**Student:** 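Dumping the structure here so I can ask a few things about it.
Counting starts at 1 for both ligands and their atoms, in listed order. Keep in mind that what you see is a predicted model, and the values were worked out from it rather than measured.
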Amino acid sequence: MEEWRERFERWASEKTRRASDAHLPPYITELEQPEAAAHGIGNAWTRRVFDGPFYLSPAHEPGRPACSLVFVQSADGNTGAADPGSLGGGATDKHVIYEGLSRVAAHAVLAGAATVRGSGVVFSVWHPELVALRAALGFPRHPVQIVATVRGLDPASELLFNVPDLPVIVLASPAALERMRGALSSRPWVVPVPMDPGNPRDGFARLASMGIGRVSCVGGRTLASSLLDAGLADEIYLTTAAADGGEPGTPVHSRPWRGRTLVRKRGTGEEAGVIFEHLLPSRVSLR
Ligand SMILES: NC(=O)c1ccc[n+]([C@@H]2O[C@H](COP(=O)([O-])OP(=O)(O)OC[C@H]3O[C@@H](n4cnc5c(N)ncnc54)[C@H](OP(=O)(O)O)[C@@H]3O)[C@@H](O)[C@H]2O)c1
């Protein structure tokens, strides 16, 4: 375990260094019409870089966590890329929105197995201003790490399963949980929660009963589509790059999903042409 902890500490200090050193051109607001029930968060630093508060929608139904989707896409609408940063969303999207405002008030970050496998990733906030904001909002240093899987993952080969003070939930089909049983028995900080992949509602409701009130789902598109189809996504934070790219044919969802636009901002400086949107999915009606 000591080796994993050292690996995590190296990862955390490298993420912190990159976020601290990044040049972050500020956004400019073009549209700001949040839901009446939305909650605006931020501190002086984020309000300057993001040009105003960052809005969180409430869960649009009781008995489950509020859930946002966070995506960056190329100008031609592709989300698939081994490194989504290569899609061209820019440093402000990566460090201030993706690894920042979209999860700073989330109890948990949720990702699909294909996004986690072999990535060595731990989902958290890293910029000192965002670490301070998360603490000021009363959240623990790191969000709970949730991984959704149908086939199962190998906990012995992923960093996020091997840091005992980092809570993890595996939202998984019963077959995947059976496959992972031995590896999970030696990792009591990893909590298995059964989820029917065809009907994720019950698994999601279990998260609420575990004290998880807000989930930031970071993709990929397969998991995000299943949450949109099940009516479990309350809002989408979508950053669109200025240039085409990514794996062809990998939109957030293969069917139209965009509802009302609540907020739209544009990048400046070397990030001119980048668009950030805060959207409702088409099935969510406004409060
Ligand atoms: N542009 C972005 O913002 C962004 C964000 C994230 C990822 N990405 C990129 O997108 C690609 C990965 O996306 P992807 O769509 O292929 O995969 P993904 O959504 O990350 O993962 C798909 C897997 O998640 C599990 N899963 C999905 N729905 C589930 C459900 N309802 N219940 C339980 N498990 C469920 C299944 O696990 P099993 O595999 O175990 O069957 C499924 O194969 C990568 O290239 C990644 O880098 C881009």
**Student:** Among residues at least two apart in sequence or on other chains, which ones pass side-chain hydrogen bond (donor to acceptor under 3.5 Å, both in side chains) with D83?
**Tutor:**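 D83: no side-chain hydrogen bond (donor to acceptor under 3.5 Å, both in side chains) contacts found.
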**Student:** Suppose the criterion is ring-ring contact (aromatic ring centres under 6.0 Å, His included): which pairs have a residue in residues 202-249, not counting sequence neighbours?
**Tutor:**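 ring-ring contact (aromatic ring centres under 6.0 Å, His included) check on residues 202-249 returns F54-Y237, Y237-H278.
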**Student:** Show the distances, to 0.1 Å, for all pairs joining an N/O atom of ligand 1 and a protein N/O atom that are shorter than 3.5 Å, listing one pair per line.
**Tutor:**
residue  : atom   : partner : partner atom : Å
ligand 1 : 1 (N)  : V72     : O            : 2.7
ligand 1 : 1 (N)  : T79     : O            : 2.8
ligand 1 : 3 (O)  : V72     : N            : 3.0
ligand 1 : 15 (O) : R221    : N            : 3.3
ligand 1 : 15 (O) : T222    : N            : 2.9
ligand 1 : 15 (O) : T222    : OG1          : 2.6
ligand 1 : 19 (O) : G220    : N            : 3.1
ligand 1 : 19 (O) : G220    : O            : 3.3
ligand 1 : 19 (O) : T222    : N            : 3.4
ligand 1 : 19 (O) : L223    : N            : 3.0
ligand 1 : 20 (O) : T115    : N            : 3.1
ligand 1 : 20 (O) : T115    : OG1          : 2.5
ligand 1 : 20 (O) : G220    : N            : 2.9
ligand 1 : 21 (O) : A114    : N            : 3.3
ligand 1 : 24 (O) : A113    : N            : 3.3
ligand 1 : 31 (N) : P197    : O            : 3.3
ligand 1 : 31 (N) : S226    : OG           : 3.2
ligand 1 : 34 (N) : T149    : N            : 3.3
ligand 1 : 37 (O) : V150    : N            : 3.2
ligand 1 : 39 (O) : R117    : NH1          : 3.0
ligand 1 : 39 (O) : R117    : NH2          : 3.3
ligand 1 : 39 (O) : R151    : NE           : 3.4
ligand 1 : 39 (O) : R151    : NH2          : 2.8
ligand 1 : 40 (O) : R117    : NH2          : 2.8
ligand 1 : 40 (O) : T149    : OG1          : 2.6
ligand 1 : 40 (O) : V150    : N            : 3.1
ligand 1 : 40 (O) : R151    : N            : 2.9
ligand 1 : 41 (O) : R151    : N            : 3.4
ligand 1 : 41 (O) : R151    : NE           : 3.0
ligand 1 : 45 (O) : A81     : N            : 3.4
ligand 1 : 45 (O) : A81     : O            : 3.1
ligand 1 : 47 (O) : A81     : O            : 2.6

**Student:** I want to check a possible cation-pi pair here: R5 against W11, using under 6.0 Å from ring centre and within 45° of the ring axis as the test.
**Tutor:** no
**Student:** Between E35 and S57, does the side-chain hydrogen bond (donor to acceptor under 3.5 Å, both in side chains) criterion hold? Intermediate values first, please.
**Tutor:** CA-CA 7 Å; E35 291 178 277; S57 292; 2.5 Å; yes
**Student:** According to salt bridge (charged side-chain N to carboxylate O under 4.0 Å, His left out), who are the partners of R221, at least two apart in sequence or on a separate chain?
**Tutor:** none
**Student:** What orientation do W45 and H127 show, parallel under 30°, tilted 30 to 60°, or perpendicular over 60°?
**Tutor:** parallel
